[in-house]
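Inspection log for the structure reproduced underneath, given as structure tokens.
On a predicted model such as this, the values are computed, not experimentally measured, just so you know.
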Amino acid sequence: TYTGPASPILLIQKLFLINPLFQFYGLWVVLNLILQLLLAIKIAKLLQFSKVQKYSLSLLTLTPFLFFRMEMHLWLISHFLILWAILNLIRYHKKINLKIVNLSANIVFAYLVNTYIFAMIFYLYLTIALHKIICDKSRNSRYYYFFALVTASLVSIFMFDGFKRQKNT
């Protein structure tokens, strides 16, 4: 298994020529917790919660499951990426413009951190395409073709590759 630093931190280490033997686990955990609290507050603010409700919601995102996950698998604690995707979905449904840079950064960071979190976020974003398909009656919609292409690709990957276990893990 991989025991080096998280990929986003590793990229920063390479930029500043910092030895990758320094893994910065503590920095990674604190960064994840702070971003999770801040994004939960942003979601609550977007949903027009009161101040007490905002902070209560943010504290509720720090569940015992997260702390248990921290102990077992350090790379799966990046739940802030899922909250970021949920925030973007709420913005989409409230008719707030989504910036492609924001969506792309969320997807790229999720891919760099962990493929399981990437898969969760990817399917959350596919709901936007699915919503457009259902609401747009014409079958010539670019969202329809995007959704069909992605779904066919994923189904074919899972049919031929499946969920095989990796060797030596």
Side-chain angles (χ1 to χ4, degrees), residues 1-129 131 150 154 157 163-169:
T1 60
Y2 178 69
T3 58
S7 299
I9 291 179
L10 183 62
L11 291 174
I12 294 170
Q13 284 179 289
K14 286 190 178 204
L15 279 174
F16 294 110
L17 302 172
I18 299 172
N19 189 349
L21 292 176
F22 298 116
Q23 296 175 343
F24 297 106
Y25 287 141
L27 176 66
W28 181 247
V29 170
V30 168
L31 183 68
N32 278 287
L33 294 177
I34 289 172
L35 286 172
Q36 187 158 336
L37 289 170
L38 291 175
L39 284 168
I41 289 171
K42 253 187 149 169
I43 289 171
K45 185 178 180 182
L46 196 60
L47 295 174
Q48 299 173 344
F49 285 8
S50 70
K51 195 176 232 183
V52 172
Q53 290 172 326
K54 279 192 261 190
Y55 295 119
S56 299
L57 177 72
S58 69
L59 288 176
L60 285 174
T61 62
L62 300 178
T63 62
F65 300 110
L66 176 69
F67 293 116
F68 180 67
R69 180 59 55 197
M70 235 188 294
E71 181 183 314
M72 297 203 43
H73 199 300
L74 200 59
W75 309 124
L76 281 177
I77 66 167
S78 301
H79 296 168
F80 76 91
L81 293 165
I82 298 169
L83 287 175
W84 188 1
I86 291 170
L87 178 68
N88 285 332
L89 283 174
I90 293 170
R91 284 181 177 157
Y92 168 76
H93 286 291
K94 286 191 168 264
K95 308 287 190 245
I96 299 172
N97 286 338
L98 290 178
K99 296 182 179 161
I100 194 71
V101 173
N102 190 343
L103 297 173
S104 301
N106 186 227
I107 290 170
V108 167
F109 280 127
Y111 183 74
L112 285 174
V113 171
N114 192 294
T115 53
Y116 295 123
I117 292 177
F118 168 73
M120 289 181 234
I121 289 170
F122 189 74
Y123 284 116
L124 282 172
Y125 285 138
L126 276 181
T127 60
I128 293 175
H131 180 259
V150 169
L154 291 175
I157 287 170
F163 293 99
K164 294 180 187 174
R165 284 186 66 120
Q166 295 177 354
K167 295 179 183 177
N168 299 327
T169 58

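From Lys45, atom NZ reaches atom CG of Leu39 across 13.0 Å, with rounding to the nearest 0.5 Å. Going from atom CH2 of Trp84 over to atom CG of Leu87 covers 10.0 Å, rounded to the nearest 0.5 Å. Distance check: His79 NE2 to Leu35 CG gives 13.5 Å after rounding to the nearest 0.5 Å. Considering CD1 of Ile43 and CD1 of Ile86, their distance stands at 5.5 Å, rounded to 0.5 Å. Taken to the nearest 0.5 Å, the CG atom of Leu81 stands 6.0 Å off from the CG atom of Asn106. Interatomic distance, Ile107 CD1 to Tyr125 OH, rounded to the nearest 0.5 Å: 6.0 Å.
Contact detail for Phe80 and Gln36: the closest heavy-atom pair is CB-N, 3.7 Å. Among all heavy-atom pairs drawn from Ser78 and Ile117, the shortest one is O-CD1, 3.7 Å. Pairing each heavy atom of Ile82 with each of Ile121, the nearest pair is N-CD1, 4.1 Å. In this structure, Leu46 and Lys94 approach most closely via the heavy-atom pair O-CE, 3.3 Å. The shortest non-hydrogen separation linking Leu37 to Leu59 is CD2-N, 4.2 Å.
The local environment of NZ in Lys42 is sparse, with at most 12 non-hydrogen atoms from other residues, nucleotides or ligands closer than 6.0 Å. Residue Tyr111 qualifies as open at atom OH: its count of foreign heavy atoms under 6.0 Å is 12 or below.
The main-chain N or O of Tyr55 is found under 3.5 Å from a side-chain atom of Ser58 such that the two form a donor-acceptor pair.
Checked against ring pair (Phe, Tyr, Trp, His ring centres under 6.0 Å), Phe109 has no partners two or more places apart in sequence or in another chain.
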Intermediate values then yes/no, side chain to side chain contact (heavy atoms under 4.5 Å, CB included), Gln53 and Leu47: CA-CA 10 Å; Gln53 290 172 326; Leu47 295 174; over 6 Å; no

Derivation of the side chain to side chain contact (heavy atoms under 4.5 Å, CB included) call for Thr127 and Tyr92: CA-CA 11 Å; Thr127 60; Tyr92 168 76; over 6 Å; no

